[in-house]
Amino acid sequence: MDEKSQKQMAKMVDAVQPHCDEQIVAAMTCSHSGSMKSALVGSVLGGLIGGAGSSCDLPNPVFIAVGPEAIYAFDYKPKGFNYKIKKQVARWPRDEITVETERGSGMARLVLTTKTGETYPLEMATAMGGGTLVDAFFQAMG
């Protein structure tokens, strides 16, 4: 990972670390699957098309953090070039969740599925240098 990406990942990990009871190895801001595309199409067409509906019961966007024992989801608010973590909205033990990833040239997709069948489809941008961060995040996910 290049130095700029390392600094960005460290900033995200540092933002969430005080809210977790284990060492966080990676963190990323994610959106509900399809919401980025809908927002873009809506803005291009002058707001004629509304934003995407919620694809899961997590906040949109959501802050996902990865530790050795669990994956965490947080509600957050961008604060300048930093992140203000509001509250934890989910915590999944790593042995009770499956992770599927798909990496494209402009967008990456992450699907978290719990043992009980709940599915959380998420996406993140890989354009404009985001791909290196996404690659590191996916590697931490396993």
Side-chain angles (χ1 to χ4, degrees), residues 1-115 118-142:
M1 187 167 21
D2 61 58
E3 186 177 337
K4 182 179 177 184
S5 296
Q6 286 177 341
K7 286 181 180 180
Q8 183 63 31
M9 180 64 75
K11 185 183 286 191
M12 290 186 284
V13 167
D14 289 348
V16 76
Q17 186 61 68
H19 305 276
C20 300
D21 59 1
E22 65 177 319
Q23 186 66 41
I24 298 303
V25 295
M28 181 68 67
T29 58
C30 304
S31 298
H32 291 186
S33 190
S35 65
M36 289 181 170
K37 183 177 179 181
S38 291
L40 178 62
V41 169
S43 66
V44 168
L45 296 177
L48 296 175
I49 298 175
S54 178
S55 62
C56 62
D57 62 358
L58 297 175
N60 191 28
V62 63
F63 205 98
I64 302 291
V66 182
E69 302 296 322
I71 297 173
Y72 304 80
F74 293 92
D75 190 6
Y76 79 101
K77 178 180 180 182
K79 189 175 183 181
F81 290 106
N82 295 308
Y83 309 94
K84 178 176 173 42
I85 303 300
K86 292 180 170 183
K87 66 178 181 176
Q88 182 178 304
V89 295
R91 182 179 192 265
W92 304 284
R94 296 279 302 252
D95 62 351
E96 294 181 15
I97 196 160
T98 59
V99 177
E100 295 176 48
T101 60
E102 180 183 327
R103 169 92 154 65
S105 59
M107 196 70 66
R109 189 163 188 255
L110 166 70
V111 179
L112 304 173
T113 305
T114 67
K115 272 187 171 180
E118 297 165 309
T119 302
Y120 301 93
L122 303 167
E123 66 186 11
M124 58 229 65
T126 58
M128 298 183 288
T132 304
L133 282 172
V134 169
D135 291 342
F137 180 67
F138 281 178
Q139 183 177 3
M141 286 292 226

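Source: prediction; values computed, not measured.
Closest of all the heavy-atom pairs between V13 and A27 is CG2-N, 4.0 Å. Closest heavy-atom contact between S5 and M1: CB-CG, 3.3 Å. Minimum interatomic distance between N60 and C30 (heavy atoms only, all atoms of both residues): OD1-O, 4.4 Å. Nearest heavy atoms, A108 versus V134: CB-CG1, 3.6 Å. The minimum heavy-atom distance between V62 and A73, with the atom names listed, is CG2-CB, 4.0 Å.
Looking at residues two or more places apart in sequence or on another chain, you find a salt bridge (charged side-chain N to carboxylate O under 4.0 Å, His left out) between R103 and D135. Not counting sequence neighbours, the partners of E96 by the side-chain contact (heavy atoms from CB on, under 4.5 Å) test are P93, K115. Take E102 and apply the side-chain contact (heavy atoms from CB on, under 4.5 Å) test, not counting sequence neighbours, and it matches R109. The side-chain contact (heavy atoms from CB on, under 4.5 Å) test applied to T114 returns W92, I97, T116, E118, Y120, not counting sequence neighbours. When the side chain to side chain donor-acceptor pair (under 3.5 Å) test is applied to Y83, the partners found at least two apart in sequence or on another chain are Q8. Applying the side-chain contact (heavy atoms from CB on, under 4.5 Å) criterion to V99, with sequence neighbours excluded, gives I71, T101, L110, L112, M141.
Between E69 atom CD and D95 atom CG the span is 8.0 Å, to the nearest 0.5 Å. Here the CE-CG distance, from M9 to D14, works out to 11.5 Å after rounding to the nearest 0.5 Å. To the nearest 0.5 Å, atoms CE (M107) and OG (S31) are separated by 8.0 Å.
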Go through R91 and D21 one step at a time and tell me if the side chain to side chain contact (heavy atoms under 4.5 Å, CB included) criterion holds. CA-CA 11 Å; R91 182 179 192 265; D21 59 1; 3.5 Å; yes

For a side chain to side chain contact (heavy atoms under 4.5 Å, CB included) check, start with the C-alpha distance between V89 and K87, then their side-chain angles and the critical distance, and finish with the verdict. CA-CA 6 Å; V89 295; K87 66 178 181 176; 4.1 Å; yes

Quick one, R94 with V66, criterion side chain to side chain contact (heavy atoms under 4.5 Å, CB included). Give me CA distance, side-chain angles, the key distance, then yes/no. CA-CA 9 Å; R94 296 279 302 252; V66 182; 3.1 Å; yes

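T126 places a side-chain N or O within 3.5 Å of a backbone atom of S105 that can act as its donor or acceptor partner. A donor-acceptor pair under 3.5 Å is formed between the side chain of E22 and the backbone N or O of A70. Judged purely by atom type and a 3.5 angstrom limit, Q23 has no side-chain atom pairing as donor or acceptor with the backbone of P68. Judged purely by atom type and a 3.5 angstrom limit, H32 uses its side chain to pair as donor or acceptor with the backbone of P59.
Here the options are F137, Y76, F74, the test is ring-ring contact (aromatic ring centres under 6.0 Å, His included), and the partner is F63; only Y76 passes.
Crowding of K4 atom NZ: a count of heavy atoms from other residues, nucleotides or ligands under 6.0 Å not exceeding 12.
No side-chain heavy atom of F138 sits less than 4.5 Å from a side-chain heavy atom of M28. Residues L133 and M12 meet the side-chain proximity criterion, which asks for heavy atoms closer than 4.5 Å.
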